[in-house]
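Down below is the structure, laid out as structure tokens.
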Amino acid sequence: MEKIYAPHELERRIYERWESHGWFAPSGQGAPYCIVIPPPNVTGTLHMGHAFQHTLMDALTRYHRMRGDDTLWQPGTDHAGIATQMVVERQLNAHGQKRTDLTREEFVARVWKWKEQSGGTIASQMRRLGDSVDWSRDRFTMDPQLSRAVVDAFVRLHEDGLIYRGKRLVNWDPVLLTALSDLEVQSEEEEGHLWHLSYPLEEGSGHVIVATTRPETMLGDTAVAVNPDDERYQHLIGKKVRLPLTGRLIPIIADAYVDPAFGSGCVKITPAHDFNDYEIGLRHGLEQINIFTPRAALNDNVPERFRGLDRFEARKRIVAELTEAGLVARVDKHKLTVPRGERGGAVLEPYLTDQWYVRIAPLAASAIAAVEQGRTRFVPENWEKTYFEWMRNIKDWCVSRQLWWGHRIPAWYDEQGNVYVGRDETEVRAKHGLAVSVTLRQDEDVLDTWFSSALWPFSTQGWPDKTPALEKFYPTSVLVTGFDIIFFWVARMMMMGLKFMGDVPFRDIYITGLILDENGDKMSKTKGNVIDPLDIVDGIELEALVAKRTSGMMQPQFAARAEKATRKQFPEGIAPHGTDALRFTFAALASPSRELRFDLSRVAGYRNFCNKLWNAARFVTMSVGEAEPASGSAPVELSVADRWIRSRFGRMVAAVEAAFRDYRFDYAATALYEFTWYEFCDWYLELTKPVLHAQNASEAAKRGTRLTLVETLEALQRALHPLMPFITEEIWQRAAPVAGRAGPTVMLQRYPLAADYPTDEQAEREVAWIQAFILAVRQIRGEMNIAPSKRIPVLLKGAAAQDKDYTARHHAYLQRLANIETLTVLEPGAAAPESATALIGELAVLVPMAGLIDAAAEAERLEKLLGKAKQELAKARGKLANENFVRNAPPDVVKTEREREADFERQVTSITAQLDCLRGLLRP
RNA sequence: AGUCGCGUAGCUCAGUGGUAGAGCACCUCCUUGACAUGGAGGUGGUCGGUGGUUCGAUCCCACUCGCGACUACCA
């Protein structure tokens, strides 16, 4: 084996082998275990958040596969309606073309082409990350079968009265020219103004003042509203004002919605351009005057001189004219929240249009109940509150989009405008008895992308057909996703799953944290702080990274900032770390916290861990050789260390089992890391050396150690495999034959079971003693600056029978690991030379000073120890002096406290005696 | 405005009603035949503040200060 672990070459080779053998497919045996991937945008690339979630999903998948479950990780991608259409439109624009220069068919063909071109990026990234998805089942939301599912779902919902078409106010994007759902609106606080406008009363005797942030909408006002209890305006209710600039007469109405304390207490009502005003308009039967074109320019419903003006231009003109007319009473600075489109960023306009809606309340009710009843469980549990909060206040879902890329709505219109919903035109004609002579025209609109996503857990398994896959893998086991799409996706899958499958789509919903950069900022292209996960895997030069981060940036100032930040953050680019190190980092990071800062130094640490594991494997293979240590009938004898490491391995596996059960990947990572490094490498490998190198050790003992070495190494690869699939495969291939384990790949081996490694209390006790001894000597060495290579004599004082026993039996370990020259057990009362001291309970470990140790330094060290011991002793005594403590605390707590007290008393006595002795020396 | 979350070592974060932990960073020593991407030892925290419950609170409760996210918004 190479001295340094080099991941690059072997990762690709190994993945290809796994994939070509079809090992990612479900085995067909065992209990079904299924995860559906949150489908990324087909034309996108995977970012750190994806890589993080994929790591966790793959770890779960590999773990369950190795546990013998019939495991499927279902891959696929999403057509991402608006996002994808926008990308292709931008490409057209770059060539001086517009979407509308093409026919719909031409444009859609163009998008498909782009999808074919760029659609492979994600798959190749996933391969590099080691994702063990069943590629043979790859799905795309616009596959024929999944499209059929979309149509079927739409028709069924319509048949059940859960989909309707209606004219109402929607969030309209005047740039993209489409409706959006409430969730796609991003409200941001911006600086604006509050204009106080004066509307004259009809009879000419005075005026009312209304306050507005959008003066241009006054052209569509159809009332002024006051609070019914507002005494200032009682006398005006029912009267009329003359709307400036238009001359229209509009009524003053009373509505409890109006807050008398805000502004003037008078509100202009524009039912066609404000959600609240719309509701008020409905209550009072007000006219709805639409004053905008779809592009949000003023239309023919306004005085001629304003027609055709863009809304922002119109605002200036109207304010100017009103000011001139003396009708602007006041202008205040005002913070307001401006609704913008999630994708395009355009200011949205509440706009009256015909759209399709899902009547959501009945669907939400069963989805709420399912979580209340525990049929689906959120992990961490707290997220169910967020889910409930939204579900209980949910509003109907606008599902139609005025786009070309997506699932066309399965509705047809005749020339009279009657609408028919059906799976296709033939079905529609048959269902409604429409003659061939009736011309039908299909709805031009497509469905919200999230409509097809909502069906994902069952549409991917063949629904609406009753397929074996659907039967087996629905409900899925767990959904792994971020909290940012609980509403968009999770809640909707719950509703649709319950509606169409009659059961929840997943047993557990594991909500991951959000990956932030090392400063706690969201990673975004505009901030220039995104990291391509593969750049961490393969490494990247600084210049290439800068180029990558600044390319395609519209605004040069952003590019400059991104470049500066990048050069500061990665002055030498990013070193290669390998996939396993990145994956292990993600696992270790996956605490229940909702925000996770990604720090490259963590990855470096885990790359070192890979290297450590690699070198441990080198040591084992070099020590054990090619042959199976336990072959034939040769006797095998296990040392205390051999028994100890098996026992410790069992404890570690138990911790990992619990961690996977609880989705505590951080605990799993920690347990594996600590076992591997601190127990297997730091202690066990060292403890094998005295045995393997000893001339007087029996062949049976050597066989036992070799066997344990290679068996533990082999089992450790299986234990680590879900988190670090590549390096473990590579090592396993070498270790397994020697460990007597057959099989083509570690990924199909059984995961170790804690039950197979019962705790060996005695071995653990003995090794703990050995460790304490060695640590005691090392501590003296370290603090007294005695070179590790210097062999030193050690004396034991106050040794009990057991200490003597252990000392005798484990002499070889002590001698080698503490690098001892001689080990002498002092008889009671025997005089000890001046020494440095360390305590193991009542046993004192002495290192004679004889030229090695500076007495003053040792005195200082002991003073410090004494201080600590006294402090702890005082604490313990204080507690025990408290009658209430002794009376009320559980007996075992009191007992422990008494033991501590005794222990510290002994320490204080012993250290004090040593100090006295030293002081004698220092005071000649 | 409502909902939720966070505040623990220099940094990033675990954690528990009874002895406060890890990684990184830092200091000292060491190239010993798996590994310097390493080994050995060490420094470092009044667990945001105040009060309450308790024999005992970093942990539970209340209030408070400082952050943050989400949802809905007053024109």
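Just so it is clear: chains get the letters A, B, ... in the order the sequence lines come, proteins before strands, and each one is counted from 1.
Between Phe609(A) and the choices Trp614(A), Phe584(A), Tyr5(A), the ring pair (Phe, Tyr, Trp, His ring centres under 6.0 Å) rule is met once, by Phe584(A). For the ring pair (Phe, Tyr, Trp, His ring centres under 6.0 Å) with Trp383(A), the lone residue among Phe378(A), Trp390(A), Phe483(A) that qualifies is Phe483(A).
Side-chain atoms of Glu686(A) and base atoms of A34(B) include a donor and an acceptor less than 3.5 Å apart.
In RNA chain B, consecutive stretches of 3 or more Watson-Crick or G-U wobble pairs with both distances under 3.5 Å are given as paired ranges: B:1-7 with B:65-71, B:10-13 with B:21-24, B:26-30 with B:38-42, B:48-52 with B:60-64.
Separation of the Tyr606(A) and Tyr673(A) ring centroids falls under the 6.0 Å cut-off. Not less than 6.0 angstrom separates the ring centroid of Tyr678(A) from the ring centroid of Trp683(A).
Ranked by how close their nearest RNA chain B nucleotide is to the 5' end, Arg778(A) and Ser591(A) are led by Ser591(A). The 5' end of RNA chain B is approached more closely, in terms of each residue's nearest nucleotide, by Arg664(A) than by the other of Arg664(A) and Ser187(A).
Neither OP1 nor OP2 of C4(B) sits under 4.0 Å from any side-chain N or O of Trp390(A). Between Arg594(A) and C6(B) there is no side-chain polar atom (N or O) within less than 4.0 angstrom of OP1 or OP2.
Of the residues in residues 891-901 of chain A, those with a non-hydrogen atom less than 4.0 angstrom from any atom of RNA chain B are Val893(A), Arg900(A).
Comparing the same atom, P, in G23(B) and in C6(B) gives a spacing of 24 Å after rounding to whole Å.
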Quiz item: With the sugar-phosphate defined as primed atoms, P, OP1 and OP2, and the base as all remaining atoms, what B/S/- string results for nucleotides 51-58 of chain B, 5' to 3', for protein heavy atoms under 4.0 Å?
Solution: ----B---
